[in-house]
Engineer: 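Here it is, the structure in full.
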Amino acid sequence: MKDTRSIIRSRFLRDRHLYLMLLPVILFYLVFKYAPMIGEMIAFKDYRLGDGIFGSQWVGFKHFESLFGSIDFWRVLRNTLVLNVYSLVFGFPVPIVLALLLNEVRKEWYKRTVQNLLYLPHFISWVVLGGIFIAILSPSTGVVNAVLQHVFGMEPIYFMADSRWWPVAYTLSGIWREAGWGTILYLAAMASIDPQLYEAAKIDGASKLRQTWHITLPGIRSTVAILLVLRMGSMLDVGLEQTLILQNQSVLDVADVISTYVYRVGLQNMNYSYTTALGLFQSLISLILVVGVNRLTRAFGERGLW
Amino acid sequence: MIIRNNNLSVRSRVGTAVNYTLLGLFSLAALYPLWYVIVSSFSSSRAITAGEVSLWPVEFNTQAYLRLFDDGQLFVAMGNTIVVTVVGTLLNMVLTTLAAYPLSRKRLKGRSLLLMFIIFTMLFTTGVIPNFILVKSLGLMDSYWSLWLPALISTYNMFVMKSFMEGLPEEIEESAAIDGAGDWRILVQIILPLCKPIMAALSLFYAVSWWNSYFNVLLYITKSTLQTLTLKLYQMILQVNQSLLNNGTGSEGVDHVMLTPEGIKAAAIVIAVTPILVMYPFLQKHFVKGVLIGSVKG
């Protein structure tokens with residue numbers, strides 16, 4: 001016993017500088033990651049600024065009951081899921097298609113130029129992109145409506161103010177920012193496919209399309225699987241910065257998602273406890289999704305996330 | 001046989017042409033919104049309001065920029081953004097390194113416990129409100145520490161650096177240890193120089209996200225002298241957006257103003273995005289590298 005203890009102590013002494021390095025790191029995680037978890041308990045209290053987190057009155061599940069009984073909750077939950085499903089269904093395949101197209105480009109300079117242009121939006125703030133989108137889609141001054149009006153003789157469409165069009169604008173803006181950037185991992189996976197497979201297929205007279213179908217797509221299957229699974233793990237996260245800049249009063253029925261609702265009702269109207277309950281609900285569901293999805297990946301024989 | 005071969009080559013040539021054209025169109029689509037805003041910023045208010053601006057500046061002028069330069073607020077905000085970005089990135093890199101290096105040493109006792117302690121914070125993320133209350137009760141409101149401290153380490157970036165350090169050959173470090181070098185000296189003189197590519201990529205990840213973020217500033221910074229570029233833009237865009245909705249067409253009430261807010265807004269956007277565009281070739285190269293390194297083990 002004494003031996004093991006002294007071994008542990010000597011190893012601790014030997015690595016004391018490593019622990020010293022970790023000290024501020026552990027402090028950071030304790031204060032800024034774990035302390036807010038304690039703060040989550042105000043979901044079960046009536047939080048008042050004056051009383052603080054610990055002094056406020058316990059109220060049990062009151063806030064959860066009123067949450068699940070409110071129309072707002074089901075509305076923001078539905079919007080969160082719907083926008084996520086749109087982004088998944090329409091947004092997920094786009095980088096794969098782009099990568100397949102890029103992979104066939106033999107002229108190196110052309111490929112590089114296209115990649116440079118496609119990656120660019122990823123580097124630009126959502127504030128800027130939101131501003132640009134609002135300007136382009138504006139019914140009075142935007143270029144899209146000018147074209148619709150003058151070329152096609154259509155009435156102007158209120159993309160940002162019409163509940164039917166807003167989700168379209170939202171989804172497109174997301175694709176526009178991330179689709180090009182999303183090709184990187186697929187292109188890397190394609191580059192690692194054995195070129196001999198293509199040679200053999202060519203000798204057999206397989207067309208480009210058949211080569212894509214039988215060699216390239218199977219070659220990136222595991223990349224697709226892992227990215228898809230990761231994406232599904234975040235079905236309750238909607239890009240807060242994206243939604244906040246694109247939404248406005250007249251489309252809140254479709255544009256209000258959990259995070260923007262928490263911001264508006266919680267921080268602007270100071271309904272701290274009520275919206276903390278909503279945030280806690282979101283965190284718990286996300287936790288379940290991530291853990292579940294990780295199980296799923298491993299069940300399919302892919303490498304899990306941990 | 002010859003005929004079939006010809007058919008194939010014609011078909012593949014058509015396919016290639018279609019492919020190149022499609023990709024060209026997609027690239028233009030990616031570029032056009034930026035181009036449009038640049039063109040708008042140099043156009044007259046009349047032309048923008050009439051919807052005449054599409055490909056080139058109409059009635060070229062630099063009024064919007066002169067107005068913004070005169071006003072000067074945007075440049076104060078840009079200065080603030082630079083401070084937030086530079087200090088924030090430095091803090092990020094120091095803390096990320098201090099976490100990644102010890103955790104990459106397999107001999108470290110309690111390593112797996114520490115890793116679990118950190119991974120759990122990735123799985124269970126806390127809501128906005130508890131974080132807000134924390135920052136407020138620490139008295140950080142209206143100070144940039146409210147932005148820096150809660151974001152000292154991006155756990156994802158830290159793991160990328162850790163796995164990069166794990167991939168370094170151990171012999172180098174062992175021989176240094178035999179020569180009597182301590183952990184700090186090994187880190188600074190041996191490990192860090194080998195980590196240059198990942199350090200470059202990660203500091204750019206951090207820097208770009210500081211430059212672009214606005215939500216945390218919206219939450220924690222209320223003093224107008226401390227506001228950053230993105231927050232100024234957010235307010236401009238929101239204000240224009242709301243006024244557009246309130247008076248329908250958006251053209252009322254601005255008749256007597258020489259420029260529509262649209263032109264000024266476009267110019268502000270161009271100013272905000274210029275540093276990113278100037279740095280872009282450099283940023284892009286390192287970002288792609290960082291993503292690829294991160295995906296190997298991430």
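Every chain is numbered from 1, with letters handed out A, B, ... down the list of sequences. Quick caveat, the model's predicted, so the values are computed rather than measured.
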Engineer: Determine the option with the most heavy-atom pairs under 4.5 angstrom with chain A, choosing from B:Leu23, B:Leu103, B:Ile269.
Structural biologist: B:Leu23

Engineer: Please state whether the side chain, the backbone, both or neither of A:Leu289 comes within less than 4.5 Å of a heavy atom of chain B.
Structural biologist: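 Looking at A:Leu289, nothing touches chain B.
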
Engineer: Do A:Ile134 and B:Ile237 have side chains that get closer than 4.5 Å, going by heavy atoms?
Structural biologist: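 SC-SC contact between A:Ile134 and B:Ile237 confirmed.
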
Engineer: Where does B:Ile133 contact chain A at under 4.5 Å (heavy atoms): side chain, backbone, both or neither?
Structural biologist: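 Answer is side chain: those atoms of B:Ile133 sit under 4.5 Å from chain A.
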
Engineer: Below 4.5 Å, heavy atoms only, C-beta onward: do A:Phe32 and B:Ile153 meet side chain to side chain?
Structural biologist: no

Engineer: Which residues, numbered in order, of residues 263-273 of chain A come under 4.5 angstrom of chain B by heavy-atom distance?
Structural biologist: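 Listed by number, the contacting residues are A:Tyr263, A:Gly266, A:Leu267, A:Tyr272.
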
Engineer: I need the minimum non-hydrogen distance between A:Ser283 and B:Phe124, along with the two atoms involved.
Structural biologist: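 Looking at all heavy atoms of both residues, the shortest contact is CB-CE1, 3.7 Å.
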
Engineer: Count the heavy-atom pairs under 4.5 Å between each of B:Leu229, B:Leu134, B:Thr121, B:Leu233 and chain A, then report the option with the highest count.
Structural biologist: B:Thr121

Engineer: Against chain B, label A:Ile38 side chain, backbone, both or neither, depending on which of its atoms sit under 4.5 Å from a heavy atom there.
Structural biologist: neither

Engineer: Angle between ring planes, A:Tyr34 versus B:Phe117, binned at 30° and 60°: parallel, tilted or perpendicular?
Structural biologist: parallel

Engineer: Name the region of A:Phe28, side chain, backbone, both or neither, that has any atom closer than 4.5 Å to a heavy atom of chain B.
Structural biologist: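 Only the side chain of A:Phe28 comes within 4.5 Å of chain B.
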
Engineer: At a heavy-atom distance under 4.5 Å, which candidate from A:Val31, A:Leu120, A:Thr113 has the highest pair count against chain B?
Structural biologist: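 That would be A:Leu120.
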
Engineer: Given the options A:Val128, A:Leu102, A:Val105, which has more heavy-atom pairs under 4.5 Å with chain B than any of the others?
Structural biologist: A:Val105

Engineer: Please report the closest heavy-atom contact between A:Glu40 and B:Gly127, naming both atoms and the distance.
Structural biologist: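 Smallest heavy-atom distance, with atoms named: OE2-N, 3.0 Å.
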
Engineer: With a 6.0 Å cut-off on the ring centroids, do B:Phe287 and A:Trp181 count as close?
Structural biologist: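 Between A:Trp181 and B:Phe287, which both carry aromatic rings, the centre distance is below 6.0 Å.
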
Engineer: Could you check whether atom CG of B:Leu113 has more than 12 heavy atoms from other residues, nucleotides or ligands sitting under 6.0 Å from it?
Structural biologist: no

Engineer: Of the backbone (N, CA, C, O) and the side chain (C-beta and beyond), which part of B:Leu277 lies under 4.5 Å from a heavy atom of chain A, both, or neither?
Structural biologist: side chain

Engineer: Rounded to the nearest 0.5 Å, how far apart are CZ of B:Phe215 and CG of A:Leu240?
Structural biologist: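 So the gap between those two atoms works out to 4.5 Å.
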
Engineer: Run the side-chain contact (heavy atoms from CB on, under 4.5 Å) check on B:Leu218 and A:Leu244 step by step: do they pass?
Structural biologist: CA-CA 11 Å; B:Leu218 189 62; A:Leu244 203 59; 3.8 Å; yes

Engineer: What option among B:Leu95, B:Val37, B:Leu108, B:Asn131 has the most heavy-atom pairs under 4.5 Å with chain A?
Structural biologist: B:Leu108

Engineer: Taking side chain as everything from C-beta outward and backbone as N, CA, C, O, which of these in B:Ile276 sits under 4.5 Å from a heavy atom of chain A? Side chain, backbone, both or neither.
Structural biologist: side chain

Engineer: Below 4.5 Å, heavy-atom pairs only: which of A:Gly279, A:Ala135, A:Ala35, A:Ala146 has the largest tally toward chain B?
Structural biologist: A:Ala135

Engineer: Go through A:Val147, A:Leu23, A:Val25, A:Leu118 and name the one with the most non-hydrogen pairs under 4.5 angstrom from chain B.
Structural biologist: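 Most heavy-atom pairs under 4.5 Å with chain B: A:Val25.
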
Engineer: For B:Trp35, does the CH2 atom sit with more than 12 other heavy atoms under 6.0 Å from it, leaving out its own atoms?
Structural biologist: no

Engineer: Shortest non-hydrogen contact from A:Met21 to B:Tyr101?
Structural biologist: SD-CD2, 3.6 Å

Engineer: Kindly compute the distance separating CG (A:Leu101) from OG1 (B:Thr21), expressed to the nearest 0.5 Å.
Structural biologist: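 One finds 11.0 Å between CG of A:Leu101 and OG1 of B:Thr21.
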
Engineer: Does any backbone or side-chain atom of B:Thr155 lie under 4.5 Å from a heavy atom of chain A? Answer side chain, backbone, both or neither.
Structural biologist: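 Both parts, heavy atoms under 4.5 Å.
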
Engineer: Output the distance between atom CG (A:Leu98) and atom CZ (B:Phe26), rounded to the nearest 0.5 Å.
Structural biologist: 6.0 Å

Engineer: Among B:Val53, B:Thr97, B:Leu34, B:Val128, which residue has the highest count of heavy-atom pairs closer than 4.5 Å to chain A?
Structural biologist: B:Leu34

Engineer: Select one option (side chain, backbone, both, neither) describing which atoms of A:Leu280 are under 4.5 Å from chain B's heavy atoms.
Structural biologist: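 The side chain, not the backbone.
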
Engineer: Parallel, tilted or perpendicular: which describes the rings of B:Tyr280 and A:Phe123, with under 30° parallel and over 60° perpendicular?
Structural biologist: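 It falls in the perpendicular class, over 60°.
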
Engineer: Quick one: closest heavy-atom pair of A:Pro121 and B:Ala30, and the distance?
Structural biologist: CG-O, 4.0 Å

Engineer: So for A:Pro24, is it side chain, backbone, both, or neither that comes closer than 4.5 Å to the heavy atoms of chain B?
Structural biologist: both

Engineer: Are side-chain heavy atoms of A:Ile245 and B:Tyr234 found at a separation under 4.5 Å?
Structural biologist: yes

Engineer: Do A:Glu241 side-chain atoms and B:Tyr214 backbone N/O form a donor-acceptor pair below 3.5 Å?
Structural biologist: yes

Engineer: Treating A:Trp176 as the side-chain partner and B:Ala29 as the backbone partner, does any N or O pair qualify as donor plus acceptor under 3.5 Å?
Structural biologist: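 Checked: pair present.
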
Engineer: When you look at A:Asn116 and B:Gln284, which way does the side-chain contact (heavy atoms from CB on, under 4.5 Å) test go after all the steps?
Structural biologist: CA-CA 8 Å; A:Asn116 276 330; B:Gln284 199 248 62; 2.2 Å; yes

Engineer: For A:Leu117 and B:Ser27, which heavy atoms make the closest approach, and how far apart are they?
Structural biologist: CD1-CB, 3.5 Å

Engineer: Can you measure from CG (A:Leu18) to CZ (B:Arg105) and round to the nearest 0.5 angstrom?
Structural biologist: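 CZ of B:Arg105 is found 8.0 Å from CG of A:Leu18.
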
Engineer: Quick check on A:Leu129 against chain B: is it the side chain, the backbone, both or neither that has a heavy atom closer than 4.5 Å?
Structural biologist: neither

Engineer: Rounded to the nearest 0.5 Å, how far does CG of B:Asn19 lie from CG of A:Asn103?
Structural biologist: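 The CG atom of B:Asn19 is 9.5 Å from CG of A:Asn103, to the nearest 0.5 Å.
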
Engineer: Under the side-chain contact (heavy atoms from CB on, under 4.5 Å) rule, what do B:Leu114 and A:Ile26 come out as? Steps first, then yes or no, please.
Structural biologist: CA-CA 9 Å; B:Leu114 283 165; A:Ile26 293 168; 3.7 Å; yes

Engineer: Give, as side chain, backbone, both or neither, the part of A:Lys111 having an atom under 4.5 angstrom from any heavy atom of chain B.
Structural biologist: neither

Engineer: Return the minimal non-hydrogen interatomic distance between B:Tyr20 and A:Lys107, and the atom names on each side.
Structural biologist: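 So the two residues come closest at OH-N, 3.2 Å.
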
Engineer: How long is the straight-line distance from CG of B:Asp183 back to CG of A:Leu20, given to the nearest 0.5 Å?
Structural biologist: 10.0 Å

Engineer: Could you look at A:Ile42 and say if it's the side chain, the backbone, both or neither that has a heavy atom under 4.5 Å from chain B?
Structural biologist: side chain

Engineer: Report the option among B:Leu152, B:Thr125, B:Leu31, B:Leu138 that has the most heavy-atom pairs separated by less than 4.5 Å from atoms of chain A.
Structural biologist: B:Leu152

Engineer: Quick one: of B:Ala272, B:Ser213, B:Ala266, who has the most non-hydrogen atom pairs under 4.5 Å with chain A?
Structural biologist: B:Ser213

Engineer: Report the C-alpha distance between A:Lys33 and B:Thr126 in whole Å, list the side-chain angles of each, state the deciding distance to 0.1 Å, and finish with yes or no for side-chain contact (heavy atoms from CB on, under 4.5 Å).
Structural biologist: CA-CA 7 Å; A:Lys33 300 285 179 185; B:Thr126 46; over 6 Å; no

Engineer: What I want to find out is whether A:Asp15 reaches B:Arg107 closely enough, with some N-O distance under 4.0 Å, to be called a salt bridge.
Structural biologist: yes

